[in-house]
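Here the structure is laid out as structure tokens; the discussion comes afterwards.
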Amino acid sequence: MPPLHEIRARHDERTITVYQAYGPAIAEPALRAGRFVPPFSFGRMTWIKPSFLWLMHRSNWAAKPGQERVLAVRITREGWEEALARAVPTTADPADVDRAAVHVQWDPERSLRGAALNHYSIQVGIGRGLIRTFAQEWVVGLDDLTPQVRKAAALVRAGRGDRAQRLLPPERPYPLPADLARRIRP
């Protein structure tokens, strides 16, 4: 059984992949540019999720209005860890949360069918003060996973979870420095 609070993600030596779901009006210009551009909002918090299945639960496999396009967002590990170093758990004192540049929230991880599991997945809210840094410096690539998501969703609905599982991005524990791990735990 995985630890209760552990970051599981697709990552390599240089980057970590997080997932976001947007409507076509935001996703298409971002994919063309290879980075977030207007109408992406640089004036509001954006939430990034390293758990693919958590985002599938949240977006209903890209079926929710405004979340029909699923993007894999590759960001630098330096940016990811900078965000976590500036993060405050949403369970902290409300005044500390209000002042935080980054919010961290832990929610039950999800199964292929959306059931809550007995361990947690991290979500990271990048605040307005860092959103341009995220979009212009940390993001190193965007990939459209929508076709893959639609195919996996159809397989899940058809009772072919074994085949759908093969379409999921691989995730493994992210080796977080001990000081950051302590900072983001609820």
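Taken from CZ in Arg99 to CG in Asp93, the straight-line distance is 7.5 Å, to the nearest 0.5 Å. A distance of 7.5 Å separates CZ in Arg150 from CD in Glu68, rounded to the nearest 0.5 Å. Annotation: the span from Ile126 atom CD1 to Ile48 atom CD1 amounts to 4.0 Å, rounded to 0.5 Å. For the atom pair CZ (Arg113) and CG (Leu53), the distance works out to 12.0 Å, reported to the nearest 0.5 Å. The CG atom of Asp143 sits 11.0 Å away from atom OG1 of Thr146, with the distance rounded to the nearest 0.5 Å. Arg163 contributes atom CZ, which lies 7.0 Å from atom NZ of Lys151 (distance to the nearest 0.5 angstrom).
If you chain together hydrophobic residues whose side chains sit under 4.5 Å apart, Val104 and Trp138 fall into the same group. Linking ILVMFWY residues whenever their side-chain heavy atoms come closer than 4.5 Å, directly or via other members, places Leu71 and Val124 in the same cluster. When the side chains of ILVMFWY residues are joined at heavy-atom separations under 4.5 Å, either directly or via intervening members, Phe42 and Leu142 end up in a single hydrophobic cluster. Residues Ile75 and Ile122 are members of one and the same hydrophobic cluster, defined by side-chain heavy-atom contacts under 4.5 angstrom among Ile, Leu, Val, Met, Phe, Trp and Tyr. Cluster annotation: Leu84 and Met45 are assigned to distinct hydrophobic clusters (Ile/Leu/Val/Met/Phe/Trp/Tyr, side-chain heavy-atom contacts under 4.5 Å, transitive).
In this structure the side chain of Val37 never reaches within 4.5 angstrom of the side chain of Arg32, judged on heavy atoms. The side-chain heavy atoms of Tyr120 and Pro186, taken from C-beta on, include no pair separated by under 4.5 Å.
At distances below 3.5 Å, not a single donor-acceptor pair connects side-chain atoms of Glu82 with backbone N or O atoms of Trp80. Between the Trp54 side chain and the Pro108 main chain, a donor and an acceptor come within less than 3.5 Å of each other. In terms of modelled atom types and a separation under 3.5 Å, the side chain of His103 and the main chain of Val97 share a donor-acceptor contact. A donor-acceptor contact shorter than 3.5 Å is absent between the side chain of Arg35 and the backbone of Val139. A side-chain donor-acceptor contact under 3.5 Å links His11 to the backbone of Pro173. Under a 3.5 Å cut-off, the side chain of Arg8 and the backbone N or O of Glu6 do form a donor-acceptor pair. In terms of modelled atom types and a separation under 3.5 Å, the side chain of Gln148 and the main chain of Leu167 share a donor-acceptor contact. Side-chain N or O atoms of Arg183 include one that pairs as donor or acceptor with a backbone N or O of Ala85 at under 3.5 Å. Side chain of Thr76 to main chain of Thr15: no donor-acceptor pair is present (N/O by atom type, distance under 3.5 Å, no hydrogens or angles).
Using cut-offs of 30° and 60° for the angle between ring planes, the Phe36 and Phe134 rings count as parallel. Between Trp106 and His5, the ring planes are perpendicular. Angles over 60° get that label, and only those under 30° would be called parallel.
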Dump the intermediate steps for side-chain contact (heavy atoms from CB on, under 4.5 Å) on Tyr174 and Arg77, then the final yes or no.
-> CA-CA 10 Å; Tyr174 183 88; Arg77 286 176 66 153; 3.1 Å; yes

Val140 and Arg14: CA distance, side-chain angles, deciding distance, side-chain contact (heavy atoms from CB on, under 4.5 Å) verdict = CA-CA 10 Å; Val140 297; Arg14 196 174 146 263; 3.8 Å; yes

Show your working on side-chain contact (heavy atoms from CB on, under 4.5 Å) between Glu109 and Ser51 and close with a plain yes or no.
-> CA-CA 8 Å; Glu109 179 60 283; Ser51 168; 2.8 Å; yes

Kindly indicate, with the supporting measurements, whether the criterion side-chain contact (heavy atoms from CB on, under 4.5 Å) is fulfilled by Trp61 and Arg157.
-> CA-CA 11 Å; Trp61 290 88; Arg157 283 191 304 274; 5.6 Å; no

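Across Ile184 and Ala87, no two heavy atoms sit closer than the pair CG2-CB, 4.4 Å. Smallest separation of non-hydrogen atoms from Arg10 and Pro170: CB-O, 3.3 Å. Ala164 and Leu112 get closest at one heavy-atom pair: CB-CD2, 4.1 Å. For the pair Val70 and Ala62, the tightest heavy-atom approach, listed with the atom from each and the gap, is CG2-CB, 3.8 Å.
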Distance-only donor-acceptor hits, side chain of residues 22-31, under 3.5 Å, sequence neighbours excluded:
| from | atom 1 | to | atom 2 | distance (Å) |
| --- | --- | --- | --- | --- |
| Tyr22 | OH | Gln20 | OE1 | 3.3 |
| Tyr22 | OH | Gln20 | NE2 | 2.9 |
| Tyr22 | OH | Thr46 | OG1 | 3.2 |
| Glu28 | OE2 | Arg69 | NH1 | 2.9 |

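Each of Leu145, Thr17, Val18 was checked for a side chain to side chain contact (heavy atoms under 4.5 Å, CB included) with Phe52, and the lone residue meeting it is Leu145.
Counting heavy-atom neighbours within 6.0 Å of Arg58 CZ, excluding the residue itself, gives a total of 12 or less. In the displayed structure, Glu78 atom CD is contacted under 6.0 Å by at most 12 heavy atoms of other residues, nucleotides or ligands. More than 12 heavy atoms of other residues, nucleotides or ligands sit less than 6.0 Å from atom NZ of Lys64. Arg185 CZ: more than 12 foreign heavy atoms inside a 6.0 Å radius.
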